[in-house]
Structure formats: C-alpha cells, structure tokens
Amino acid sequence: MSSCQLNAAVPSHLALLSKKLGYTLVFISTDYVFDGTSPPYTPSAKTNPLNLYGQTKRDGEEAVLAADAPKVVVLRVPVLYGPTKKVRFSIDRLLPLHLQSQNSDSATGKTYKMDHYATRYPTNVQDIANFLARLSVWKNPIPPILHYSGAEPFTKYEMCLIFAKILALPHGHIVPDADPPSGAGAASRPKDCQLYTGETESLGLEGGLNLSLFEEWWTDYLK
C-alpha cells in the first residue's frame, strides 16, 4: 500500500463509513502540513507541505473533511515519543542509541553531526491518548481541526544533549549542524512548524492539555 493510499484514500473511506454508522472519526495528522516559515500555526492557517509525508497527510485531511460528516475531527500533532516494547526507528529511540553506540568515538576524535536546524516540539503519545479519551466523551461542539503539541522547543542536537545528561554519556563527539538539509538524498524538512494550541485549550476539557515535560519523562523512563 502506498503512502497516498494509507494517508488519504483509507481515511476517506473511514470517514464515509463513520458518517454512515454515526461514529466520530479522529484523523491524526501532522505539523508537516506546514512549511515551517511562519510559526506558530493556527488550525485555520494555510497548509503548504514541503515533503511527500506532509503532502499525503494534507490530502488525508482534505479527504476526511470533504466527507461532510458531522463528526470528523482532524488532530494535528508534532514529533512523538513514548514507551516502546522494542527499539523502533523513531527520533526518541535513535538519539540515545546513537549516543551509546558512538560512545567510544569521543576518545578517538571522530565526530558526528546532529541536526540543529529544525525546531521540534516532541509530544508524548500517552498524553495524546489521554486527551483523546477525554475528547471522546466531550458533549460540546468540537472544531473540525485541532492542534495538540508539546510546548518545549528542541532541535535534535538539543535532545541529544538531554539524553547525554540523563545517561551520563559524553557528547563531545556529536556536533551541532545548523545548516538546512541539502543534497539529492536530503528530505525537505520545515524549520519550525510550531502548532498553536489555543483553540484546543479553549475547549475547556478537564485537565487541559496535561503535557509531560520531555526531560522529566525521559529521566524517569530511562532509569
């Protein structure tokens, strides 16, 4: 199944099915529907994705909203982190593994570049699940597009420093790379896609956003 089918065609079918059965569909989208040039982005801000992932998720948003179902909600979220049973290829797991696997290189003088260009707002998957559980029993009207995002800005390099601190590992061999991605194989990544969450907070759900703190959560999880 292609990314276009997975992120657009399938959600479109689910939206029509939800409309028929009278269910509420929450489509999880991404901050990558924006180009990262004018943060923070409100739910009504114009989308302009820079890469295929963002394009297919934007297409998915348009598809589910076009279903004209009374209960379709698009929830945009940024980069995610949280507990996993196995090591997965995600930013939150790769950074501590990168530090550990390259630990010996701090003595050899070999260095590794880490992205210090794009600003991210890592958000805990458990927080999102908790928010969705509370949203599912909300009786008041819900806007068609909502944003849920952590409030702390980090580059991958800055996250790497946090993991080095938590794991008590040297990080001198990891150097910040503030240049935008370039070259034929580089993915087009937006610089700063901060999601404005004011509309979500104004819903008045008990507990609000209830966001975890990145360093605090990882310190407890990696003990």
Side-chain angles (χ1 to χ4, degrees), residues 1-15 25-67 69 72-82 88-95 113-125 127-129 131-132 143-159 177-200 209 211 214:
M1 180 180 293
S2 70
S3 58
C4 292
Q5 291 174 310
L6 182 63
N7 290 332
V10 171
S12 177
H13 174 73
L14 292 176
L25 174 70
V26 179
F27 175 66
I28 304 298
S29 190
T30 174
D31 56 346
Y32 272 23
V33 298
F34 299 114
D35 58 18
T37 60
S38 303
Y41 292 93
T42 65
S44 61
K46 183 180 180 180
T47 58
N48 184 34
L50 300 182
N51 55 37
L52 179 62
Y53 174 66
Q55 291 166 9
T56 59
K57 295 298 280 188
R58 187 271 316 275
D59 293 346
E61 290 186 6
E62 294 178 348
V64 298
L65 294 173
V72 168
V73 178
V74 171
L75 182 66
R76 293 180 181 139
V77 298
V79 63
L80 306 177
Y81 70 94
R88 300 175 187 270
F89 290 100
S90 59
I91 185 174
D92 53 76
R93 302 301 291 166
L94 284 178
L95 288 181
K113 289 184 177 181
M114 186 64 70
D115 178 52
H116 196 45
Y117 168 77
T119 299
R120 303 150 191 261
Y121 299 82
T123 303
N124 193 289
V125 293
D127 294 346
I128 296 174
F131 171 78
L132 288 173
I145 303 177
L146 289 173
H147 288 172
Y148 188 95
S149 172
E152 301 173 287
F154 300 103
T155 64
K156 286 183 70 174
Y157 174 72
E158 290 168 335
M159 284 186 268
D177 182 3
D179 295 326
S182 61
S188 296
R189 297 185 184 277
K191 181 173 177 57
D192 187 345
C193 288
Q194 182 182 13
L195 297 173
Y196 177 72
T197 59
E199 283 93 338
T200 308
L209 297 185
L211 297 167
F214 185 78

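Computed from a prediction, not measured in an experiment: that's the story for all the values here.
Judged purely by atom type and a 3.5 angstrom limit, T200 uses its side chain to pair as donor or acceptor with the backbone of H147. In this structure, the side chain of K191 engages the main chain of Y117 through a donor-acceptor pair within 3.5 Å. In terms of modelled atom types and a separation under 3.5 Å, the side chain of E158 and the main chain of T155 share a donor-acceptor contact. Side chain of N51 to backbone of S188: a donor-acceptor contact under 3.5 angstrom is found.
Looking at T119 and Q194, their side chains never come closer than 4.5 Å, going by heavy atoms from C-beta outward. Taking 4.5 Å as the limit, some side-chain heavy atom of L132 sits within range of a side-chain heavy atom of L75. V26 has its side chain out of reach of L146: every pair of non-hydrogen atoms, C-beta onward, lies at least 4.5 Å apart. You'll find the side chain of F34 stays beyond 4.5 Å of the side chain of P190, heavy atoms only. Under the 4.5 Å side-chain criterion, counting only non-hydrogen atoms from C-beta, L209 is not in contact with D127. Side-chain contact between L211 and T197: absent, with no pair of heavy atoms (C-beta onward) separated by less than 4.5 Å. The shortest side-chain heavy-atom distance between Y32 and V79 does not fall under the 4.5 Å cut-off. The side-chain heavy atoms of N124 and Y81, taken from C-beta on, include a pair separated by under 4.5 Å.
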- Message: Working note: K57 + R76, criterion side-chain contact (heavy atoms from CB on, under 4.5 Å); need CA distance, chi angles, decisive distance, verdict.
- Response: CA-CA 10 Å; K57 295 298 280 188; R76 293 180 181 139; over 6 Å; no

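To the nearest 0.5 Å, the span separating CZ on F27 from CD on E62 amounts to 10.5 Å. Between the CG atom in L80 and the CD1 atom in I28 there is a gap of 9.0 Å [rounded to 0.5 Å]. Note that OG1 of T123 and CG of D31 are 8.5 Å apart. Values are rounded to the nearest 0.5 Å. With rounding to the nearest 0.5 Å, the separation of OH in Y121 from CG in L195 is 9.0 Å. Put simply, CE on M159 and CD on E152 are 11.0 Å apart, with the number rounded to the nearest 0.5 Å.
For F131, the ring pair (Phe, Tyr, Trp, His ring centres under 6.0 Å) partners two or more places apart in sequence, or in a different chain, are Y148.
Of all heavy-atom pairs between D35 and S38, the closest is OD1-N, 4.4 Å.
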